Amino acid sequence: MGGKDILIKSVVQGIPNFAMACFLLPKKLCEKLDSLTRNFWWKGNPKDKGICWTSWENMGKAKDHGGMGFRNYRAFNEAMLARNGWRMLMNPNAYWARFFKGIYFPNSSFLQASRGNRASWAWLSLLHGRNLLLKGLRWQVQDGKSIDFWADAWIPSLPNFKVPIPRPANSAINKVVDIIDDNSGQWDIQKMLVEIPVEVVNAILEIPLARVGRADQLAWHFNPNGCYSVKSGYHIALQNLSEKVSNKPGTSFNLAKEVWKVLWKMKVPNKVKNFW
């Protein structure tokens, strides 16, 4: 058995959660693992060849989206790597985080760190996970002193969570705190309307302000509690992969999530649910 086969066998047996959390696995390896899983499902033997009655992309969709919930190894690998990036942001004083900072970004933050000339596999993997993390990472407004009004992501209802216009010349607004009234502790609507379109102002007004002047903090948009989870990151990574791979026109008819939930909860044999 060659080294590649040993690695595939170890992944299939469940050993690689450590490897998937620390290193970006080769694309071909992830595709091979997907192939083994797919073949085992349809034929009972990972190495047998035959007909697959539906695409792997459809099988990998969540059950409440009409799929069967099979894991896509590439997306799962990216979601695990993003979790390490989140841990670095939330606990920058951890020994391993200080180790990476001392080598690769001593004079900047993890979010602004560059690749460097002699990047290790572990560091490149962290940066890859950061790419996924940035798709859902935004600031949660507290006192507004740490958030750059024009450059940072902080408005939940806008695309990319950012102000969609460039900064006007001689703008009086730099930080988010600049549009919070000192006396009332509420948004300063008149000051915003001078420089910002009404639709952006309305999106900002939807953000509640804290009564206590706590420091601003980073939050993961796709989880109600604001903390990153592999499950939520996986769905974002899977969505990104589907957008890159699929160029086929989609159907205009999609069943609602509730229909699929009812189907999977029905008390009928599993093979009937799978067929439906």
Side-chain angles (χ1 to χ4, degrees), residues 2-35 71-139 146-148 151-154 160-162 217-223 226-245:
K4 184 177 180 180
D5 291 331
I6 294 175
L7 180 57
I8 292 174
K9 182 179 179 181
S10 66
V11 172
V12 173
Q13 289 177 341
I15 297 175
N17 275 340
F18 167 78
M20 286 195 132
C22 297
F23 302 106
L24 179 64
L25 299 183
K27 183 179 179 180
K28 291 294 183 182
L29 174 59
C30 294
E31 291 175 351
K32 179 65 175 178
L33 295 172
D34 290 339
S35 175
R71 175 185 293 177
N72 180 293
Y73 281 93
R74 181 70 173 184
F76 184 69
N77 186 199
E78 292 180 354
M80 295 281 280
L81 295 175
R83 182 177 63 178
N84 279 344
W86 174 260
R87 287 173 173 172
M88 179 173 284
L89 291 173
M90 294 298 104
N91 190 12
N93 293 320
Y95 178 80
W96 71 275
R98 289 188 288 116
F99 174 82
F100 278 104
K101 180 174 178 59
I103 296 176
Y104 296 109
F105 55 103
N107 301 315
S108 65
S109 68
F110 172 59
L111 294 179
Q112 283 77 44
S114 59
R115 180 181 184 277
N117 296 325
R118 302 181 64 182
S120 66
W121 186 13
W123 175 239
L124 291 176
S125 299
L126 264 176
L127 292 180
H128 191 89
R130 186 184 66 177
N131 293 337
L132 173 62
L133 195 62
L134 288 173
K135 294 184 181 298
L137 196 66
R138 62 173 174 83
W139 283 96
S146 302
I147 308 173
D148 187 307
D152 286 337
W154 63 281
N160 300 319
F161 318 122
K162 295 183 178 182
Q217 58 186 13
L218 288 169
W220 174 251
H221 179 76
F222 300 106
N223 207 3
C227 296
Y228 178 84
S229 67
V230 173
K231 180 179 180 179
S232 60
Y234 172 78
H235 289 305
I236 301 303
L238 190 61
Q239 178 181 334
N240 293 335
L241 289 177
S242 298
E243 291 174 354
K244 292 178 182 178
V245 173

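These numbers come from a predicted model, not from an experiment.
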Full working for side chain to side chain contact (heavy atoms under 4.5 Å, CB included) between Gln239 and His235: CA-CA 6 Å; Gln239 178 181 334; His235 289 305; over 6 Å; no

Met20/Phe76 under side chain to side chain contact (heavy atoms under 4.5 Å, CB included): CA gap, chis, key distance, verdict: CA-CA 8 Å; Met20 286 195 132; Phe76 184 69; 3.5 Å; yes

Given Met90 and Leu218, is the side chain to side chain contact (heavy atoms under 4.5 Å, CB included) satisfied, shown in steps? CA-CA 9 Å; Met90 294 298 104; Leu218 288 169; 4.2 Å; yes

Run the side chain to side chain contact (heavy atoms under 4.5 Å, CB included) check on Leu111 and Leu134 step by step: do they pass? CA-CA 8 Å; Leu111 294 179; Leu134 288 173; 3.9 Å; yes

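To the nearest 0.5 Å, atom CZ of residue Arg118 and atom OH of residue Tyr104 are 9.5 Å apart. From Asn84, atom CG reaches atom CG of Leu133 across 10.5 Å, with rounding to the nearest 0.5 Å. Atom CG of Leu137 and atom CZ of Phe222 lie 10.5 Å apart (nearest 0.5 Å). If you take CD on Gln217 and CG on Leu89, they are separated by 12.5 Å, rounding to the nearest 0.5 Å. Here the straight-line distance linking atom CD1 of Ile147 with atom CZ of Arg138 works out to 10.0 Å at 0.5 Å rounding. In this structure, CD on Glu78 lies 10.0 Å from CG on Leu238, to the nearest 0.5 angstrom.
When the ring pair (Phe, Tyr, Trp, His ring centres under 6.0 Å) test is applied to His221, the partners found at least two apart in sequence or on another chain are Phe161.
Checking side-chain atoms of Arg130 against main-chain N and O of Phe110 turns up a donor-acceptor pair under 3.5 Å. Although no hydrogens or angles enter the test, the distance criterion places a donor-acceptor pair under 3.5 Å between the side chain of Asp34 and the main chain of Tyr73. Side chain of Asn223 to main chain of Cys227: a donor-acceptor pair is present (N/O by atom type, distance under 3.5 Å, no hydrogens or angles). Listed for the Asn160 side chain is no donor-acceptor partner under 3.5 Å among the backbone atoms of Ala153. For the pair Ser35 (side chain) and Glu31 (backbone), a donor-acceptor distance under 3.5 Å is absent. Of the possible donor and acceptor atoms, none in the side chain of Asn131 sits under 3.5 Å from a partner among the backbone N and O of Ala82.
Applying the 6.0 Å contact sphere to NZ of Lys101 captures more than 12 heavy atoms from other residues, nucleotides or ligands.
Scanning both residues, Lys162 and Ala151, for their nearest heavy atoms gives CE-O, 3.2 Å. The minimum heavy-atom distance between Leu25 and Arg74, with the atom names listed, is O-NH1, 3.0 Å.
Ring geometry for Tyr228 against Trp220 counts as perpendicular: the plane angle is over 60°, on a 0 to 90° scale with 30° as the lower cut.
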